[in-house]
Amino acid sequence: MSESREKDNTETELSALDENEKKIDDDDVICLKPKMTLINGINVIVGCMIGSGIFISPKGVVKGTGSVGLSVIVWILSGVFSLIGSLCYAELGTSIPKSGADYAYIMECFGPFVAFLRLWIECMIVRPCNTAIIALAFAFYTLRPFYPDCDPPGDATRMLAVVCICLLTFVNCWDVKWSTRVQDFFTYGKLLALVTIIITGIVQLSK
């Protein structure tokens with residue numbers, strides 16, 4: 001009986017030591033803590049999908065087509081084309097359930113070299129250019145009310161765009177929660193602006 005008790009006590013002590021070691025290992029692990037909620041994730045995706053170009057391109061589409069009706073047809077065809085692309089990405093996401101988006105898909109199909117080139121181009125060229133265009137569009141329309149009779153000066157637009165990029169970079173580096181709040185705010189602003197534009201367009205077309 002005494003031997004069995006000693007064995008039970010030894011096993012209990014060993015299991016307690018293993019649990020303590022696991023806790024220590026978990027505490028020593030350096031990892032990103034999840035701070036984004038489901039709503040934050042949805043807002044990030046919606047904000048990325050609805051680009052700032054939607055507020056710039058309609059003017060060029062109307063000028064190029066020459067009529068409102070034809071421009072609506074162009075927008076419908078463009079929406080169908082975008083829908084096909086999104087369905088392709090949805091199928092890729094379910095077929096290749098790996099994190100990394102384009103990088104993971106290209107890695108799976110064409111190998112690491114082509115995937116690295118795609119990721120490098122995305123980080124060094126595509127994303128910076130996209131950020132610059134968005135910042136310039138934001139700066140242009142922010143300054144536009146102060147110059148009702150002409151376009152805002154180029155230097156002022158570029159300076160405001162630089163300030164916006166630096167400010168958002170600081171917020172993203174400082175705290176994830178603040179960056180998600182900023183993202184939520186601008187996403188709701190985009191949706192409100194789009195709804196206003198759509199309702200205004202329907203009213204004008206119905207006249």
Side-chain angles (χ1 to χ4, degrees), residues 36-91 93 101-102 122 125-172 176-207:
M36 294 181 63
T37 63
L38 176 62
I39 299 299
N40 296 142
I42 293 173
N43 286 331
V44 169
I45 295 173
V46 172
C48 292
M49 292 298 102
I50 303 176
S52 299
I54 192 66
F55 303 107
I56 303 173
S57 52
K59 181 179 178 181
V61 172
V62 173
K63 281 187 176 181
T65 55
S67 66
V68 176
L70 188 57
S71 66
V72 172
I73 294 174
V74 170
W75 279 107
I76 293 173
L77 293 177
S78 300
V80 172
F81 184 76
S82 299
L83 177 62
I84 294 172
S86 63
L87 292 176
C88 291
Y89 264 92
E91 185 174 359
D102 296 340
E122 180 78 15
I125 299 174
V126 176
R127 290 295 178 181
C129 292
N130 188 28
T131 302
I133 292 171
I134 293 173
L136 287 171
F138 175 80
F140 180 85
Y141 285 104
T142 301
L143 295 174
R144 189 60 186 268
F146 300 100
Y147 299 90
D149 299 328
C150 61
D151 291 338
D155 292 337
T157 303
R158 286 188 289 270
M159 287 299 296
L160 182 57
V162 170
V163 171
C164 292
I165 293 174
C166 293
L167 179 61
L168 292 177
T169 302
F170 172 78
V171 171
N172 280 274
V176 176
K177 288 184 178 180
W178 276 102
S179 63
T180 55
R181 289 171 184 170
V182 172
Q183 177 69 46
D184 295 344
F185 174 78
F186 281 108
T187 300
Y188 297 143
K190 282 182 181 179
L191 293 175
L192 179 61
L194 283 177
V195 170
T196 303
I197 292 171
I198 292 171
I199 293 175
T200 304
I202 292 174
V203 171
Q204 293 295 327
L205 287 174
S206 61
K207 289 182 178 181

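The figures that follow rest on heavy atoms only: side chains count, while hydrogens, waters and symmetry mates do not.
Within a 6.0 Å radius of CZ in Arg144, more than 12 heavy atoms belonging to other residues, nucleotides or ligands are found.
Pairing each heavy atom of Thr196 with each of Thr200, the nearest pair is O-OG1, 2.7 Å. Here the closest heavy-atom approach between residue Ala161 and residue Ala139 is recorded as N-CB, 3.8 Å. The two residues Asp151 and Phe140 make their nearest non-hydrogen contact at OD1-CZ, 3.8 Å. Heavy atoms only, all atoms of each residue included: Thr65 and Ser71 are closest at OG1-CB, 3.6 Å.
No side-chain heavy atom of Phe146 sits less than 4.5 Å from a side-chain heavy atom of Pro152.
Within the model, atoms CZ of Phe138 and CG of Leu143 stand 9.5 Å from one another, a figure rounded to the nearest 0.5 Å. If you take CG on Leu194 and CD1 on Ile199, they are separated by 11.0 Å, rounding to the nearest 0.5 Å. Annotation: the span from Cys164 atom SG to Met159 atom CE amounts to 11.0 Å, rounded to 0.5 Å. Distance check, rounded to the nearest 0.5 Å: CG of Leu83 to OG of Ser78 gives 12.5 Å. Rounding to the nearest 0.5 angstrom, the gap separating the CZ atom in Phe170 from the SG atom in Cys166 is 11.5 Å. Atom CG of Asn172 sits about 9.5 Å away from atom OG1 of Thr180, to the nearest 0.5 Å.
Note on residues 154-166: pairs passing salt bridge (Lys or Arg N to Asp or Glu O under 4.0 Å), not counting sequence neighbours, are Asp155-Arg158.
With sequence neighbours excluded, the residues forming a side chain to side chain donor-acceptor pair (under 3.5 Å) with Tyr188 are Asn43, listed by chain and number.
Between Ile165 and the options Leu136, Thr131, Leu160, a side-chain contact (heavy atoms from CB on, under 4.5 Å) holds for only Thr131.
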